[in-house]
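Before any comments, here is the structure.
Just so you know, ligand 1 is whichever comes first in the structure, and atom 1 is the first atom listed for that ligand.
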Amino acid sequence: MTAPRRITIFDTTLRDGEQSPGASMNITEKMEVAQALAGLGVDVIEAGFPIASQGDFEAVRQVAAAIRGGPAICGLARCNEHDIDRAWEALQAAERPRIHVFLATSAIHREFKLRMDKSEIIDRAVAGVRRAAGYCADIEFSPEDAARTEIDFLCQVVEAAIDAGATTINIPDTVGYATPAHLGGVIRTLRQRVPNIDRAVISVHCHNDLGLAVANSLAAIENGAGQVECTINGIGERAGNCSLEEIVMALRTRQDYYGCTTGVVTQRLVPASRLVSSVTGIQVQRNKAIVGRNAFAHEAGIHQDGMLKERSTYEIMRPEDVGLSKTDLVLGKHSGRAALADRAKALGYDLAPEQLQSLFEQFKALADKKKEVYDSDIAALIDDELRDQGELWSIKNYRLAAGTGAVPSVVLSLARGDEVITREVATGDGPFDALFWAIEQITGIEVVCRDFRVHSVSVGKDAQGEVTVEVERQGQIYRGRGVSTDSIEASAKAFLNAINRIAAGSDAAKKVSPYETADATTK
Ligand code: KIV
Ligand code: ZN
């Protein structure tokens, strides 16, 4: 029997994932996600696009300096000296730095975006890869929009990039246009026709516009790709990227077919998914494969009957293998700190003593209000706590008066450091509107509310409510989330969370998009 082939998992949650509208993360959040990715066992973390903004640069720099003994840390750069130098500046402290250089190659991009002919593209790609290779040994080159690039030209660019020093050749399906047989064929052709292809690892980077990102990535692996680029929860530009949890579990569950393994500790998938969902505010759909709330729920009687007789009748993976605990009903008001610490650990959270102390206090308060505290309650409390860390404004207290026919009024106090500011407002458009208006008045940040949702974290009338809001300011979308047994408080927390993202100068607005600007600008 041949040993399984080890597939490199390249995570781009912090770069391509963060490019999805409204998914911007602050540095503290990025560091948490990076630590979670390292614990998950990914091989490469693409930490950002350093030239895009000061915030991206700083995030890559801090991740590069902090992550030790695990994944390579990667920074993205267009094919010009300025981008590449900046990427290296951010990556210098990494134990295992990787520079990822990209340049579009398809006819559409050549003609309309870059206004460059084929030979200019090859010259530019070679120059970029050479410059990056002067800084470190691990160089990835991506011919952007490869899936729509003429195959003969793609082979020429790939050969030239490898000759110039690229050690990974990534084939992006930038616009999610490929199908499995098509992309599998592209990888097969590269392996057959590019003479120096053995000197590089072939990678794929699939977008999900047709819902085929995971299927396309699997087809590429089947045809010899050794690296797959993916994101937690599949977040990313437009319809997102190949979902990390899905590709990893597909390879694991169907090892009999693919003959491949990864280094991912699959029991950490659900906690990583929760963390990313919490910090970005992007919720995972209920029926999402692997990490969705219903992914392991069996409703139909006939299925439940089969499950009781033999799990494998209707279950191809065990929930505990992806980090879902078997028991859900856990703690009550008599449970102690040790039991809580144990539960948090089982849920995949590694809490510092002071975080545990704060969680314990919140848990006690919750257990006083709620008879039964479920795993999902504990996870929500922890996520809420993580979200609150480092936020500029927090809610001190509020009083709300509303009723049929009455103009709602609110007295709200927000704290910023030691300072507490109170405002009283009365406005005619419902209690939430009054509360949000008071927050805007105090913080001085006005927004347009685009979406507002409430759902329960667990079950029962006393369940905690989780609120997500989406607000718009200066054309940018920001999300916020808040949890409480009091849905008004949860709403205020969610709205304030979004405002805090704006206040933190979330630099999404200042970012250079890798796609809009001409790669041709060079220094
Ligand atoms: O989708 C894409 O082409 C990219 C590249 C920068 C790899 O994200
Ligand atoms: Zn992409």
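Using a cut-off of 2.8 Å, one finds that E237 contributes no N/O/S atom close to the Zn ion (ligand 2).
Short contacts between ligand 1 and E144, defined as distances under 4.0 Å to a heavy atom of the residue, involve ligand atoms 3 (O). Listed by number with element, the atoms of ligand 1 under 4.0 angstrom from any heavy atom of D16 are 8 (O). Interface atoms of ligand 1 facing T174, defined by a heavy-atom separation under 4.0 Å, are 1 (O), 2 (C), 3 (O). Applying the 4.0 Å criterion to heavy atoms of H207 picks out, from ligand 1, the atoms 1 (O).
The shortest N or O to N or O distance between H205 and ligand 1 is under 3.5 Å.
For the pair R86 and F57, the cation-pi criterion (under 6.0 Å, within 45° of the ring axis) is fulfilled. In this structure, R110 is positioned above the aromatic face of F153, its NZ or CZ under 6.0 Å from the six-membered ring centre and within 45° of the axis.
At a 4.0 Å heavy-atom cut-off, ligand 1 does not touch E237 at all. Proximity of E229 to ligand 1, defined as any heavy-atom pair under 4.0 Å, is not found for any part of the residue. Counting heavy atoms closer than 4.0 Å to ligand 1, residue R15 contributes side-chain atoms (C-beta onward) but none from N, CA, C or O.
Looking at heavy atoms from C-beta onward, C260 lies out of side-chain contact with Q255 at the 4.5 angstrom threshold.
Residue contact check for ligand 1: Q19 places no non-hydrogen atom closer than 4.0 Å to it.
When you scan the N, O or S atoms of D16 for the one nearest the Zn ion (ligand 2), you land on OD2. If you look at H207 and ask which of its N, O or S atoms sits nearest the Zn ion (ligand 2), the answer is NE2.
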Go through K288 and S243 one step at a time and tell me if the side chain to side chain donor-acceptor pair (under 3.5 Å) criterion holds. CA-CA 10 Å; K288 162 93 169 62; S243 137; 3.3 Å; yes
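In this model, no donor atom of one side chain and acceptor atom of the other lie less than 3.5 Å apart for H207 and E237. Side-chain polar atoms of D145 and S106 form a donor-acceptor pair below 3.5 angstrom.
The pair E229-R15 does not meet the salt-bridge criterion, since no charged nitrogen lies less than 4.0 angstrom from a carboxylate oxygen.
A donor-acceptor contact shorter than 3.5 Å links the side chain of K493 to the backbone of V483.
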